[in-house]
**Student:** 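Here it is: the structure, laid out below.
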Amino acid sequence: MPELPEVEVTRRQIAPLLVNRRIVSVATTRPSYFFLTPPRTLRDRLLGRIVVGLDRHGKYLLARLDDGQRLLLHLGMTGQLFGAGATSVRLLSATGRGSLSPEAQATGFSPDGHTHLRLSFSDGGPQLFFRDTRKFGKVQLLGPDEASERLARLGPDALSVGARHLYASSRGRRAAVKTLLLDQSVLAGVGNIYADEALFLAGVRPSRPARRLTRPDCVRLLRSLKRVLRRSIETGGSSISDYIRPDGSDGAYQDERRVYDRAHQPCQRCGTPIRRVVIGQRSSHFCPRCQR
DNA sequence: AGACTAACCTGAAAGC
DNA sequence: TGCTTTCAGGTTAGTC
């Protein structure tokens, strides 16, 4: 369940392991739909490249390469990026690349049969691993022109979108507002946990038809959403089912959630038991009294 | 176009 | 105890 905050925390922790390093070997598991770009092609086109930056849009990570290609990574449900196999941290810092945090070394992760991608670098430092038990994650290499085309399917990043956009997108939609928030082509980055949390904070019931949102509703909803997302990034994300940070530690936002996975427990604001319903094939949690 | 469904995958948890 | 079923979730292809 990595959503925007977990992906952002991952981006920040993994960037030092990737940026300004030259790829010298690419190891993968067998071809599968996990590899939108086949392993062979990946290897051919990644060897010798230097990563010049690591960006995020919604739940996607995009590694920019020195030849203009972009490596797109999606963590799906259970994807984890981590570094390991450091042979010389000192070498890295000595070459002026910035030092890797000590935590980045001892991750508690270890490569196994679910580790689908391994990158090694010319400095002999830590390798980068992409592990994904359920293989809902994605790896795709895009040419300079393909990247924007691929991202065009996504709406603006949830952290940078305005209430007007949400209001406009909600017009004429009979489906639940919860579904709207989860629609990555409307806004990118929101998943099940933060949709529920934002709706609670805004006092909006997840089942409300999107077209019934007023402008003020949209303002409150977006404000709540950003607050929840920012706070989660601050606390390292939610470690609810599978997610742990690249450095191996747990996030802490799960301790702050108000409704997600709290069915039958009292609402922290009014004491009414939290309810769970299914909307758009997703479990949704809300307070029947605080959310209308 | 929007709305709804099934499929992809695996491990944990619940059911028997 | 041990086998079987159910469930979770992000995305996409397919159908109406």
Side-chain angles (χ1 to χ4, degrees), chain A residues 1-11 28-37 56-62 72-81 109-117 130-140 142 149-155 157-158 166-199 206-213 229 232 237-244 251 253-254 257 259-264 276-285:
Chain A
M1 41 101 261
E3 305 181 26
L4 186 152
E6 291 76 25
V7 177
E8 177 60 19
V9 170
T10 299
R11 187 191 69 79
T28 72
T29 49
R30 307 170 57 76
S32 67
Y33 76 97
F34 177 84
F35 294 105
L36 295 181
T37 300
R56 180 192 60 75
H57 186 95
K59 302 173 192 173
Y60 287 86
L61 288 174
L62 279 155
L72 176 143
L73 305 169
H74 193 291
L75 301 178
M77 285 291 304
T78 54
Q80 304 166 320
L81 289 172
F109 289 107
S110 52
D112 60 7
H114 296 304
T115 308
H116 302 293
L117 179 66
F130 189 174
R131 183 174 181 274
D132 185 2
T133 324
R134 295 181 202 176
K135 287 203 282 193
F136 281 4
K138 301 257 175 297
V139 176
Q140 186 173 23
L142 300 169
E149 189 183 321
R150 177 70 181 75
L151 292 179
R153 287 191 238 163
L154 298 174
D157 189 81
L166 184 62
Y167 182 75
S169 308
S170 66
R171 295 308 86 188
R173 291 184 68 135
R174 303 152 171 256
V177 56
K178 167 75 178 271
T179 306
L180 184 75
L181 290 180
L182 293 180
D183 187 336
Q184 303 298 300
S185 68
V186 171
L187 70 177
V190 183
N192 211 27
I193 298 174
Y194 300 105
D196 279 5
E197 294 299 313
L199 286 164
S207 56
R208 173 151 14 135
R211 61 177 179 178
R212 299 278 178 241
L213 287 174
L229 295 174
S232 182
S238 298
S239 292
I240 288 182
S241 54
D242 299 275
Y243 178 78
I244 52 177
Y253 194 78
Q254 66 278 8
R257 79 204 128 99
V259 288
Y260 182 79
D261 204 20
R262 295 195 66 237
H264 310 306
R276 176 187 181 279
V277 295
V278 175
I279 298 172
Q281 297 175 303
R282 287 290 170 289
S283 66
S284 302
H285 313 76

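Labels below follow one simple rule: chain letters A, B, ... track the order of the sequence lines, proteins then strands, and each chain is numbered from 1. Excluded from the calculations below are hydrogen atoms, water molecules and symmetry mates; all remaining heavy atoms, backbone and side chain alike, are included.
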**Student:** Name the closest nucleotide to the A:Q281 side chain, picking from B:dA6, B:dC4, C:dT11.
**Tutor:**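 Nucleotide nearest to A:Q281's side chain: B:dA6.
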**Student:** How many Å lie between NZ on A:K135 and P on C:dT11, as a whole number?
**Tutor:**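 Checked: the NZ to P distance equals 19 Å.
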**Student:** A:R262: which residues meet the side-chain hydrogen bond (donor to acceptor under 3.5 Å, both in side chains) condition with it, sequence neighbours left out?
**Tutor:** A:Q265
**Student:** Nearest whole angstrom, please: distance from the P of C:dA13 to the CG of A:L36.
**Tutor:** 10 Å
**Student:** Can you tell me how far P of C:dT12 sits from CG of A:L154, to the nearest Å?
**Tutor:**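 Whole-Å distance recorded here is 8 Å.
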**Student:** Can you find a heavy atom in the side chain of A:F35 that is under 4.5 Å from one in the side chain of A:R30?
**Tutor:**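 Of all side-chain heavy-atom pairs linking A:R30 with A:F35, none is under 4.5 Å.
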**Student:** What is the distance from CG of A:L75 to C1' of C:dT11, rounded to the nearest Å?
**Tutor:**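 The answer, rounded to whole Å, is 13 Å.
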**Student:** Would you check if there is a donor-acceptor pair between the side chains of A:T133 and A:H114 at a distance under 3.5 Å?
**Tutor:** no
**Student:** Need to verify one output field. Residue with the more 5' nearest nucleotide on DNA chain B, A:H114 or A:A175?
**Tutor:** A:A175
**Student:** Name the closest nucleotide to the A:Y33 side chain, picking from C:dA8, C:dG10, B:dC9.
**Tutor:** B:dC9
**Student:** Decide side chain to side chain contact (heavy atoms under 4.5 Å, CB included) for A:Q140 and A:R150; before the verdict, give the C-alpha distance in whole Å, the side-chain angles of both, and the deciding distance to 0.1 Å.
**Tutor:** CA-CA 10 Å; A:Q140 186 173 23; A:R150 177 70 181 75; 3.4 Å; yes
**Student:** For A:R211, answer base if it contacts any base atom (sugar-phosphate contacts may also be present), sugar-phosphate if it contacts only those atoms, and nothing otherwise; contact means non-hydrogen atoms under 4.0 Å.
**Tutor:**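 Answer is nothing: A:R211 stays at 4.0 Å or more from every strand.
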**Student:** On DNA chain B, check which nucleotide each of A:R173 and A:T133 is closest to and give me the residue with the more 5' one.
**Tutor:**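 By nearest-heavy-atom nucleotide position, the 5'-most residue is A:R173.
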**Student:** Using a cut-off of 4.0 Å on non-hydrogen atoms, how would the nucleic acid contact of A:R276 be classed: base, sugar-phosphate, or nothing?
**Tutor:**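 Answer is sugar-phosphate: A:R276 comes under 4.0 Å of backbone atoms only.
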**Student:** Students often get this wrong, so: under 4.0 angstrom with heavy atoms, is A:S283 touching a base, only sugar-phosphate, or nothing?
**Tutor:**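 Result for A:S283 = sugar-phosphate.
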**Student:** Give a yes/no on whether any side-chain N or O of A:R150 is located under 4.0 angstrom from OP1 or OP2 of C:dT12.
**Tutor:** yes
**Student:** When you compare the ring of A:F136 with the six-membered ring of C:dG10's base, are the centres less than 5.5 Å apart and the planes under 30° from each other?
**Tutor:** yes
**Student:** By the 4.0 Å heavy-atom rule, please label A:F34 as base, sugar-phosphate, or nothing.
**Tutor:**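 Touches nothing.
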**Student:** Measure CG/A:D183 against C1'/B:dG2 and give the value in whole Å, please.
**Tutor:**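 My rounded result for the distance is 10 Å.
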**Student:** Take atom CZ of A:R171 and atom C1' of B:dG2, then tell me their distance rounded to the nearest Å.
**Tutor:** 15 Å
**Student:** A:R174 near the nucleic acid: base, sugar-phosphate alone, or nothing, with a heavy-atom cut-off under 4.0 Å?
**Tutor:** sugar-phosphate
**Student:** Between B:dA12 atom P and A:M77 atom CE, what is the distance in whole Å?
**Tutor:** 14 Å
**Student:** Identify which one of A:D261, A:D196, A:N192 satisfies the side chain to side chain donor-acceptor pair (under 3.5 Å) criterion when paired with A:H285.
**Tutor:**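 Output: one option passes, namely A:D196.
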**Student:** Look at A:Q184 and C:dG10 and indicate whether a side-chain polar atom (N or O) is within less than 4.0 Å of OP1 or OP2.
**Tutor:** no
**Student:** Starting from C1' on B:dA7, measure out to NZ on A:K138 and report it in whole angstrom.
**Tutor:**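 Result: 11 Å.
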